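Treat the numbers as computed from the prediction; the structure is a model and nothing was measured. Just follow the structure's listing: the first ligand is 1, and inside any ligand the first atom is 1.
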Amino acid sequence: MSTIKRQLEPVPFTQVTFDDGFWGHRLEVNRTVTILHIYHQLEATGRISAFDLNFQRPVPSPIVLIFGDSDSAKWLEAASYSLAAHPDPKLRALVDSVADRVIHAQQPDGYLNTHFIVTQPDMRWRNLRDWHELYCAGHLIEGAVAHYEATGERKLLDALCRYADHIDATFGSEPGKKRGYCGHPEIELALVKLYHATQNPRYLKLATYFIDERGQGPNYFDQEARARGEDPAQFWAKTYEYCQAHVPIREQTKVVGHAVRAVYLLSAVTDLAHENDDPTLLETSQRLWNNLVTKRMYLTGGIGAAHNIEGFTQDYDLPDETAYAETCATIGLMLWNHRMLQFSGEGKYADVLERALYNGFLSGVALDGAHFFYENPLASTGHHHREGWFTCPCCPPNIARTLASLGKFFYSTGANDVWVHLYGQGTAKMELNGRDVSLRQVTKYPWDGDVRLKIDVDTPQRFTLHLRVPEWCEHWRLLVNGEQLSVNSTQLLDGYIQLTREWQPGDVVEYNMDMPIRAMWSHPAVRALQGRVALQRGPLVYCIEGIDHGEIDLDRIMIDPGRVSNEFKVEHKEDLLGGVSVLRGKGIVMDESEWENTLYRSQPPSSKSMDITAIPYYAWDNRAPGEMRIWVRARGM
Ligand SMILES: [Zn+2]
C-alpha cells in the first residue's frame with residue numbers, strides 16, 4: 001500500500017549545538033537578552049499578571065488585550081526551549097512561577113482564558129471569528145508541551161490537557177457540540193503536538209475536525225454572528241478569505257487572507273497529511289505552496305503585502321516600500337516549509353526556509369536582541385525602525401521561540417539517511433539504526449560557502465549522507481578524505497548530493513559551494529519592481545542604506561546588472577554590524593546640480609559614478625536612522 005507519510009525526521013534542537021559563530025552568537029543573545037527583555041515587557045503590560053485574574057478591563061476591550069494570553073504562552077515556549085538546551089536555575093524559577101500562575105487561572109471545567117474568565121464570561125466561545133480564544137489555547141498548549149519536554153514536569157501539560165478535553169467536549173461534529181473553529185488557526189498544529197506529547201488520539205481527531213470543518217457551508221461564522229444579533233455582512237474584512245474559511249481547505253487554489261493565519265493553517269494541514277496519511281491534504285499544501293512561492297512571496301521570504309488585512313492581495317502584487325511582511329508570517333512560512341521538507345527531502349522547501357531564515361525572519365530582531373520589527377518592508381524612506389515592544393506584541397516572543405529552537409531546522413534522519421539542510425558552525429548528534437552518529441560542521445557560512453564536515457561514528461557505518469545544494473549555488477566541489485569526487489560520479493536528487501558509503505570514524509567531507517554576487521530580477525508582472533535589481537550572495541539578500549551613501553536619495557542610484565558579478569567585490573568587516581560581509585562596487589547616480597529652479601526640461605539628467613556599499617538586509621536599521629532599499633534601479637532599463 002502506498003503512503004505519503006514523511007520519510008525524514010528532524011533532529012531535535014536539543015541535539016544540535018552551535019559554536020560562537022553566526023548562529024551561536026545570536027542564540028546566546030536570544031538566551032541572555034531577548035527572553036528576559038520579553039519577560040519584563042509581559043510583566044509591565046499585565047500579560048502575565050492577567051493569570052492572577054484580578055485585573056479590570058473595559059468592555060469592549062482592545063483585541064490585542066483579548067489575546068494577551070498567547071504572548072505569555074509564546075514566552076513560556078521560548079524560555080522552555082532555552083532551558084532544554086541550556087540549564088539555567090534563575091530562568092527555571094521564572095518559568096515555573098509563570099507556569100504556576102497559568103495553572104492557577106484554570107477554571108473547574110478546564111477552561112483557561114483570562115479575558116473571558118474575568119472580563120466577558122458571558123461571551124465565552126461566542127465569537128470564534130474575531131476573538132482568538134482557540135488561538136490562545138493553541139499557544140498555551142505549545143507552551144505546555146515545551147515546558148514538559150524541557151523540565152519533565154507534567155503539571156502544566158496536565159492542565160492544558162484538561163483545557164483540550166474541555167475544548168474537545170465543546171467542539172465537533174457530534175450532536176450537541178458547536179461546529180466551530182478558530183478565526184485564527186494555531187490550535188490545529190498545537191493539538192498535533194499535544195497528541196505526540198500524550199499519545200492521546202483524541203487530540204489528533206480534534207485537530208482533524210478543525211481542519212475538515214473549516215469553510216464548510218453553512219458557514220459557522222455567519223451562524224455565530226447571527227446568534228450574537230449581528231449581521232454577518234458587517235464583518236469588517238468583508239470576506240472569510242481573511243481567515244481562510246471561505247471554502248474548505250481542500251478546495252482552495254490560492255493562498256489568501258491574513259498571512260500568519262494562512263501559514264499556521266497550512267502547517268497543520270501538512271502535519272495532518274502525514275498523521276492521517278491523507279494525500280488530499282498533501283496535494284492542497286503543494287498547490288498553495290506553488291501559488292505562494294511563484295506569485296506571492298517577497299525575495300526576503302516576507303509574505304503578506306497588505307497592511308489592512310496583514311495579508312495577501314493579488315498574484316504579483318509585491319510592492320517593496322509598503323510591504324507588510326510581518327515577522328510572524330515569515331516564521332510561519334519557515335514552520336510550514338520545514339514540515340513539507342520532511343516528506344521526501346525536496347530541496348525547494350529548504351530553499352524557501354533558508355531564504356526566510358536569513359532575511360525576512362532575521363531582520364525581525366536588532367543586533368542588540370531587544371528591538372524588533374513587526375513589519376519588514378523592502379525599502380524605507382527612513383521612518384521605519386525597530387521597537388522595544390508593540391501594542392500587539394506577537395512578533396517578539398515568536399522570534400524568541402524560533403531562535404531558541406533553531407537547531408531543529410538544520411538536520412534530519414531517515415531509514416538509513418542523514419540530511420544536512422542548512423549550514424552553520426556547530427555539532428549535531430543523532431541516532432541512526434540505533435547507533436550514534438555525530439556531525440561537526442566547521443564553516444564561516446553564510447560569509448562563504450566552504451563547509452568542512454567531520455563524521456563521527458563509533459564503528460564503520462553504511463548510510464547515505466544528503467548534502468543540500470542551495471538554489472543559489474551553481475558550482476560546487478566535493479572532497480571526501482581529501483579525494484575529489486567528480487560531479488558526474490555524484491548522485492544529485494531534488495537539490496541534494498547523495499553520498500552513500502561505509503563511513504569510517506573521523507571521515508571528513510569538504511564541500512565548497514561557490515557563492516558569487518548575483519543581480520536578482522523579479523517576474524515582469526511585478527509592477528512595483530520592474531526595471532529594478534537586487535543584490536544577493538549566498539542565502540543573503542543585500543540592501544543599501546542611507547548612512548553609507550551620503551545625502552543622496554537612494555532611489556536615484558542605479559546599478560548596472562551586467563557588471564555586478566565581475567565588478568562588485570565582497571569585503572568582510574569584522575567591526576561592522578556584528579561582523580558582516582559587505583558588497584562594494586560602482587553605481588551611477590543621477591545628477592541634480594543642473595536642475596535648480598527647473599522641474600521639467602527636454603534633456604535627460606546627466607549621471608555620475610559613485611561607490612556603492614551593500615549590507616545584508618537583516619542588519620539594516622542598526623546604525624543611524626536613514627533610507628534603505630533592496631530593489632535598486634537597473635541601468636539601461
Ligand atoms: Zn507578529
(request) Using the six-membered ring wherever Trp is involved, compare the ring planes of Tyr240 and Phe221 and label them parallel, tilted or perpendicular (cut-offs 30° and 60°). (result) perpendicular
(request) Could you pull out the atom name of the N/O/S atom in Glu326 that is nearest the Zn ion (ligand 1)? (result) OE2
What about [X] and [Y], are their ring centers closer than 6.0 Å?
X	Y	result
Phe410	His421	no
His37	Phe372	yes
Tyr203	Tyr195	no

(message) Can you check the angle at the Zn ion (ligand 1) formed by SG of Cys328 and SG of Cys395? Round it to the nearest 10°.
(response) 110°
(message) I'd like to know: is the Zn ion (ligand 1) within the 2.8 Å range of an N/O/S atom from Cys392, strictly under that distance?
(response) no
